[in-house]
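Everything below concerns the one structure shown next.
By convention in this document, chain letters (A, B, ...) are assigned in the order of the sequence lines, proteins followed by strands, and residues within each chain are numbered from 1.
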Amino acid sequence: MFKYSNKKIILTLFCILLLGIFFRFFAILSFSDSNILLKKETLVPLQPKEMLTQKIFINRNNLSSFDFLLRTPGIKSGEKAEIIIAEDDCQTPIRQGNLQEAFLNSKNLYTVSFPSIPNSQNKTYCLRVSFTPQKNSAKKIQLFAMTDKSHPFTLINSTTKTSYPDQTLSIRPNYTNDNLLEDFSELNQRISQYKPYFLKNAFLNISIIGFLLASILAIVLLILC
Amino acid sequence: MFNLRKSLNFCQKPFFILGLILVGFFLKGVLLSAIFPIFDGQDESRHYNTIQYLSEPKEKNWTVATQNGKQNKNNLATYRYSEEIKQTAIATDNDALRGDIFNTIDFSNSSVGENEQMINQRLWKPYNFISPPDIVFGTQLYHSIGSLIEKAFSRQSILVRFYLLRIFSVFLGTITVLFAYLIAKSIGFSEKHSLLITAIISFQPKFSFYYSNINYDALLILMFSVFTYFGILTIKKGLNWKNLALLAVSSLIAFLTKKTGAILFVVMISLIILLLNERIKHQKNKNIRTAFYFISAASLALVLIYLSKYVAFFNESFFALTDSLGNYLSKSLTMGRFALSARTYWGTLSWVNSWFMDYVINFIWIVEILSVIGLVFLLFNKKEGIPKFLPEKKYLFFLIGMIVALQLGIRTADWSVFTIAEKLSLGAPGRYFLPNLTAHILVVFSGLGMLFFHFKKEHYFEKSLLIGTILMFSFTLYLIFNVVIFRFYL
């Protein structure tokens, strides 16, 4: 037997861990445009003080981040790859951020996140990419690009005026929904695909809720008994 | 009238909490079955193809072509599987998941996949049109049972059949968790401590993930648990025909499931010899004692000779064997190999950049080292008695014996493959040691309990079990929601 205060401490630890896990889950909950398969086909160099410009058409609301593919060694501590998301004219900035190593363990995947753009559907945005290395370094980075003859926008190095016809940067937009309920609904939809009827939709929700309830209740009872 | 006190008392009853643990494990398994995409489990497509192959009509009235080309591991359609498996892999965009980690399948805007209706129309035959088929040869008991399910639902879509088989594995896992509780109780842990240890085992991530796949290890691990339980009962109550029969049956089922199960025959015979020796050693008639030792040695030798036919180096000379063993040990007993084996045993997925995932194994190793210190006190220190809340030495020796036997068995098989391939091609991935997960957890916490007892902090033992349960649950929850779902769906 141990004191009630010890039970409170253990319960508190349990709650903190649960909150931490779900807080992290909600933080990473955004939906990639799964139509786009990121590929490592060609390389586009980006020297310091240069700028790459790429337009992209967005087909959903609540645009919240972009994924980029960079060749290793990528961006090291003290270096910065800035992304400016501008209007179609490439002049009016809307959002900006720096590329960070993605949560997924890929040495090539980087993400830029920003406050979501609520009415992004059916709009064309201009992405401007620039790189600042460490002091006194002439290091460049190389971004992966994909061959896409049907892509309506040309990738351009706006500093050197070099264009890369039929190529688009390997980038992929990510979106959120208006609220958490819609996020869960979309996640349920995605998981339900290519599953039998007893693992879809409501049945899937039952298994998630049932597992969490049964397990958490068992642990709480074990703590309190 | 709803009586709160009665309800609370009911909720605190051990069988209710055990029920919650079992229901939680089952529903977690169902959830994991849904989350992992089709064919994504370890060797899962091969195991499912074996089930489909066994379900084929005996009269094969279709043309079978021979194909010996190399398979592209990033393209399931190049494998020698049934037409249905290959076409379903293409339809479900399986290749997108086999390549780079940052791509997912192309999702539709509803809960029905782009090609799901086509899959459900069952346009493709679940037959192997290519020879030799890529299946598990030899030990097919699990697959034979699976083929009963496959045949029973033959009119249903592959999605129904495949995921029902995954849920069958979950069901086997739930029984394994139940046996974990029975083993813990049998060796002397209290009700509450047994429940906590059972909860820890049920939340072990790799164990949970593995039991949501179509894989013959689902039945093997269960049989190891059944064997361990009846082994404990045999030690507790002595040799009797019922326990012996159940030991023999579980060994046979394990062996017919996977050759690893052969280890259980060795353990069973060793156990019988040891228990009989307790009776025989006081026998005054020397002839009886001599006959017993001769029969024991002969029995063990027969089993080992039978098993040696599976080992490639059996006919080598002594010097060649020694040289080969040295070569094998120098490559396999390295920190890197241990770390890899540990990571795969605990289920740490390397899919995300996570400080936690990088260091969780180090934390587990610290706990295990402390446990070993405690075990030394428990097993070899004669001054201190064994506290009542821990199992007797005889049970711990049996559990440690199970762990050592499996280690020796796996490494012998690995060495055998090494002598042929001249490199570590089988390896000792952590999942090979999951059959002894229950024994492992019981031994670890027994060691920790003894360490607390040695430093007169017995009251910390229950706390350590509670914290272990919470941490293991949190670890699995983190992997499910922040790693697996993220990888495949976001």
Side-chain angles (χ1 to χ4, degrees), chain A residues 1-2 6 10 13-14 17-18 20-22 24-25 28-32 34-35 37-40 67 69 101-106 108-109 172 174 187-201 204 206-208 210-219 221-225, chain B residues 11-12 16-17 20-21 23-24 27-28 30-31 33-35 37-38 92 96 100-113 116 119 156-157 159-160 163-164 192 195-196 199 203 350-354 459 462-463 466-467 469-471 473-474 477-478 481-482 485-487 489-490:
Chain A
M1 293 289 288
F2 58 95
N6 289 322
I10 292 178
L13 169 69
F14 185 41
L17 284 169
L18 283 182
I21 289 164
F22 286 111
R24 180 76 187 134
F25 173 65
I28 61 174
L29 192 56
S30 67
F31 299 90
S32 63
S34 59
N35 286 326
L37 217 61
L38 292 178
K39 293 176 197 167
K40 295 186 271 190
D67 292 331
L69 284 187
E101 250 185 28
F103 184 51
L104 275 177
N105 189 11
S106 164
N108 303 120
L109 190 69
R172 182 171 58 206
N174 300 301
L187 181 60
N188 182 305
Q189 250 180 28
R190 285 193 172 195
I191 297 174
S192 294
Q193 292 179 25
Y194 301 115
K195 304 292 177 331
Y197 64 91
F198 50 83
L199 288 179
K200 277 185 189 296
N201 304 322
L204 188 60
I206 288 168
S207 66
I208 295 172
F211 150 58
L212 289 173
L213 272 178
S215 303
I216 292 171
L217 184 59
I219 293 173
L221 286 173
L222 284 166
I223 293 171
L224 294 177
C225 285
Chain B
C11 288
Q12 289 178 357
F16 179 73
I17 299 176
L20 285 175
I21 293 170
V23 166
L27 290 175
K28 168 162 52 75
V30 169
L31 173 63
S33 300
I35 285 171
I38 191 169
T92 55
D100 292 302
I101 196 174
F102 41 74
N103 285 321
T104 64
I105 67 169
D106 188 6
F107 295 108
S108 72
N109 293 327
S110 72
S111 58
V112 177
E116 193 169 326
I119 294 170
Q156 302 284 337
S157 154
L159 298 178
V160 171
Y163 284 95
L164 273 177
K192 186 168 181 184
L195 287 169
L196 284 164
F203 294 138
S350 57
W351 297 344
V352 295
N353 289 313
S354 167
H459 52 284
E462 190 165 298
K463 282 185 212 170
L466 278 166
I467 291 171
T469 304
I470 289 167
L471 289 178
F473 176 67
S474 304
L477 214 59
Y478 177 84
F481 286 94
N482 294 346
I485 286 180
F486 186 73
R487 160 59 186 109
Y489 300 100
L490 300 180

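- Using a 3.5 Å distance cut-off with no hydrogens or angles, the side chains of Q193(A) and S108(B) do pair a donor with an acceptor.
- Under the 3.5 Å distance criterion, the side-chain polar atoms of N103(B) are left unmatched by any main-chain donor or acceptor of L37(A).
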Pair L466(B)-F14(A), side chain to side chain contact (heavy atoms under 4.5 Å, CB included): steps then yes or no
CA-CA 10 Å; L466(B) 278 166; F14(A) 185 41; over 6 Å; no
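- When L13(A), N201(A), N35(A), N174(A) are compared by the number of non-hydrogen pairs under 4.5 Å with chain B, N35(A) comes out ahead.
- Most heavy-atom pairs under 4.5 Å with chain B, from the set S34(A), A214(A), G20(A): that is S34(A).
- Taking every heavy atom of both residues into account, I21(A) and S474(B) meet most closely at CD1-O, 3.3 Å.
- Taken to the nearest 0.5 Å, the CG atom of L31(B) stands 5.0 Å off from the CD1 atom of I208(A).
- Among the candidates L18(A), N188(A), L69(A), L204(A), the residue making the largest number of heavy-atom pairs closer than 4.5 Å to chain B is L69(A).
- The distance from atom CZ of F103(A) to atom CH2 of W351(B), rounded to the nearest 0.5 Å, is 12.0 Å.
- With respect to chain B, the highest number of heavy-atom pairs below 4.5 Å among L199(A), L38(A), L104(A) belongs to L104(A).
- Taking all atoms of both residues into account, the shortest heavy-atom contact from K463(B) to N6(A) is NZ-ND2, 3.6 Å.
- In this structure, N109(B) places its CG atom where only 12 or fewer heavy-atom neighbours from other residues, nucleotides or ligands lie under 6.0 Å away.
- Interface check for chain A: of the options S157(B), S110(B), A199(B), the most heavy-atom pairs under 4.5 Å are formed by S110(B).
- Salt-bridge check for D100(B) with K39(A): failed, with every basic side-chain N at 4.0 Å or more from each acidic carboxylate O.
- Interface remark: I28(A) contributes backbone and side-chain atoms alike to the contact with chain B (heavy atom separation under 4.5 Å).
- Atom CG of L17(A) and atom CG of L471(B) lie 6.5 Å apart (nearest 0.5 Å).
- Atom OH of Y194(A) is separated from atom CD1 of I119(B) by 5.5 Å, given to the nearest 0.5 angstrom.
- Contact of S32(A) with chain B is made through backbone and side chain together, with heavy-atom distances under 4.5 Å.
- Contact annotation for I105(B): both backbone and side-chain heavy atoms come within less than 4.5 Å of a heavy atom of chain A.
- Atom OG of residue S207(A) and atom CG of residue L27(B) lie 6.5 Å apart, to the nearest 0.5 angstrom.
- Separating the OG atom in S354(B) from the CG atom in N105(A) is a distance of 9.5 Å, to the nearest 0.5 Å.
- Of the listed residues T104(B), T92(B), I38(B), the one with more heavy-atom pairs under 4.5 angstrom with chain A than any other is T92(B).
- Here S215(A) pairs with F211(A), F203(B), F473(B) under the side chain to side chain contact (heavy atoms under 4.5 Å, CB included) rule; sequence neighbours left out.
- Between L159(B) and Y197(A), every side-chain heavy-atom pair lies at or beyond the 4.5 Å cut-off.
- Ranked by heavy-atom pairs under 4.5 Å with chain B, the first of F198(A), F25(A), F31(A) is F25(A).
- You'll find the side chain of F102(B) stays beyond 4.5 Å of the side chain of D67(A), heavy atoms only.
- The ring-ring contact (aromatic ring centres under 6.0 Å, His included) search around F16(B) returns F10(B), not counting sequence neighbours.
- Contact of K200(A) with chain B is made through the side chain alone, with heavy-atom distances under 4.5 Å.
- Heavy-atom minimum distance, I223(A) versus K192(B): O-NZ, 4.4 Å.
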Quick one, L187(A) with L490(B), criterion side chain to side chain contact (heavy atoms under 4.5 Å, CB included). Give me CA distance, side-chain angles, the key distance, then yes/no.
CA-CA 8 Å; L187(A) 181 60; L490(B) 300 180; 3.9 Å; yes
Walk me through it: do C225(A) and I17(B) pass the test side chain to side chain contact (heavy atoms under 4.5 Å, CB included)?
CA-CA 10 Å; C225(A) 285; I17(B) 299 176; 4.0 Å; yes
